[in-house]
Amino acid sequence: MPELPEVNNFKRYFNETSLGKTIENVDVHDDKIIRNMPGPAFADALKGRKIVSSLRRGKYLFARLDNGHDLLLHFGMTGDLNYYSAPEDKGRYERFVLNFTDGDKLGFEDPRKFARILYLEDRDAYIKEIKLGPDALDIDGDYLVQKMTGKKGSIKGFLLNQQILSGVGNLYADEICYRCRLSPALRLNELTEDEKCLLAKQTIEVMTGAAANAPYYKDYPENWYWHVWRTEGKSGPEGIGEVVVTKVAGRTTYFVKGWQRE
DNA sequence: TGTGATGTTGAATG
DNA sequence: GCATTCAACATCAC
């Protein structure tokens, strides 16, 4: 479930389990998700390195190594971390595993293999290369409003564009639109200035709130945001409107028809 | 059995 | 070059 708040939890999990440890060697079971070198070269590059710090930006998690290079983890749709020591705790979908010198292991699991794992010599150059926008927890409303000017695409397409703002994913984008009472399919040039300000404000609030409330890795409360209303046919707030499912910006989209302006 | 899924990319189009 | 759209990626769960 990796959108920004989830990756924030991955970061915490990673820090608590793996920071300061030294990689004795790496087992690559499937190098499909390693995007910039073959499995053996990847394993070779990490061998003997100590993990000294971590940095999250949007949905990207960078693990800084003691040679100044980085191990980049992007979790795709189904990426996950699994820290363990007993071999029987190895996950079914483990794609590679860092074996630390203390005997513990950090497995990277990913059933669908949409994750993107890279060994980077220059983290900043990579961020520049993919034009990754600023982190959603690190911007203000003015920045977002300014980015909206002149754009004609859907609200949802805007929120999902990681080059504008990094961290918002499909579920949180719906949540933000719901809070603004705006249909995700509305186009930016159809919004009033007030609505643009509201959209910017809610984007920051939702992402900040979700990141702050994430209690612990894999332990999301049932009453979190979209859980409350992300059900087709469900009656909207105060009995107004009804939840419908549609497709916006190529993604499955839920909104409350009759409650959110179209 | 067919369908859709939390994300990104690269090609195609305007 | 920029903005936007959309299919493709690989596999599993329902």
Side-chain angles (χ1 to χ4, degrees), chain A residues 1-11 13 28-36 39 56-62 72-81 91-96 108-118 120 126-133 135-136 146-178 184-191 206-207 210-211 214 217-222 224-232 244-255:
Chain A
M1 324 169 192
E3 297 186 37
L4 184 153
E6 288 73 30
V7 179
N8 220 29
N9 284 352
F10 284 138
K11 180 186 171 185
Y13 183 83
V28 180
H29 314 310
D30 185 336
D31 67 1
K32 187 88 197 172
I33 60 172
I34 299 164
R35 309 290 177 145
N36 64 345
R56 184 194 57 72
R57 175 145 158 185
K59 306 169 192 172
Y60 294 75
L61 182 59
F62 300 89
L72 166 59
L73 307 175
H74 186 292
F75 297 85
M77 300 271 244
T78 54
D80 202 355
L81 298 175
R92 183 177 165 196
Y93 302 112
E94 183 178 281
R95 304 305 182 190
F96 71 89
F108 189 95
E109 305 177 355
D110 185 23
R112 277 176 68 189
K113 302 190 210 177
F114 277 11
R116 317 187 77 77
I117 307 300
L118 287 86
L120 298 175
Y126 179 76
I127 289 173
K128 195 173 254 182
E129 179 190 328
I130 64 171
K131 300 189 174 74
L132 188 62
D135 189 80
Q146 186 255 318
K147 284 290 184 187
M148 290 179 212
T149 54
K151 294 234 168 29
K152 295 186 172 74
S154 64
I155 297 176
K156 183 140 191 179
F158 175 82
L159 292 173
L160 292 178
N161 185 344
Q162 305 296 303
Q163 298 189 345
I164 291 166
L165 176 71
S166 61
V168 178
N170 195 29
L171 274 53
Y172 285 105
D174 280 1
E175 172 68 22
I176 291 161
C177 292
Y178 167 74
L186 262 179
R187 293 180 169 273
L188 292 174
N189 56 319
E190 298 171 320
L191 299 184
V206 166
M207 299 314 287
Y217 179 66
K218 278 184 175 173
D219 185 22
Y220 308 108
E222 284 306 305
W224 252 33
Y225 298 150
W226 63 84
H227 289 312
V228 178
W229 64 279
R230 204 175 194 257
T231 308
E232 186 173 12
V244 296
V245 186
T246 174
K247 209 93 172 174
V248 180
R251 308 298 300 280
T252 299
T253 297
Y254 289 73
F255 75 100

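Keep in mind that the numbers below use all heavy atoms, side chains included, and drop hydrogens, waters and symmetry copies. Reminder, nothing fancy here: chain letters follow the sequence lines and each chain counts from 1. Because the structure is predicted, anything quoted here is derived from the model rather than measured.
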In whole angstrom, give me the gap between the P atoms of C/dG1 and B/dG10. 15 Å
Name the closest nucleotide to the [X] side chain, picking from [options].
X        : options               : answer
A/Lys151 : C/dT4, C/dA10, C/dA13 : C/dT4
A/Phe114 : B/dT8, C/dA10, C/dT5  : C/dA10
A/Asn170 : B/dA5, B/dT6, B/dT9   : B/dT6
A/Lys32  : B/dT9, C/dA10, B/dG7  : C/dA10
A/Lys113 : B/dT9, B/dT6, C/dA10  : C/dA10
A/Lys152 : C/dT4, C/dA10, B/dT8  : C/dT4

Hey, does [X] reach any base, or is it just sugar-phosphate, or nothing, if we go heavy atoms under 4.0 Å?
X        : value
A/Gly153 : sugar-phosphate
A/Phe75  : nothing
A/Lys247 : sugar-phosphate
A/Arg251 : base

Under-4.0 Å side-chain N/O to phosphate OP1/OP2 contact, [X] with [N]:
X        : N      : value
A/Tyr93  : C/dA13 : yes
A/Arg187 : C/dT5  : yes
A/His74  : B/dG7  : no

Taking for each residue the nucleotide of DNA chain B bearing the nearest heavy atom, is the 5' side occupied by A/Arg112 or by A/Gln163?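 Taking each residue's closest nucleotide, the earlier one in sequence belongs to A/Arg112.
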5'-most by nearest nucleotide on DNA chain B - A/Thr252 or A/Gln162: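 Per heavy-atom nearest nucleotide, the more 5' residue is A/Thr252.
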What is the pairing partner of C/dA10, taking Watson-Crick or G-U wobble pairs with both distances under 3.5 Å in any strand?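 By the stated definition (distances under 3.5 Å), nothing pairs with C/dA10.
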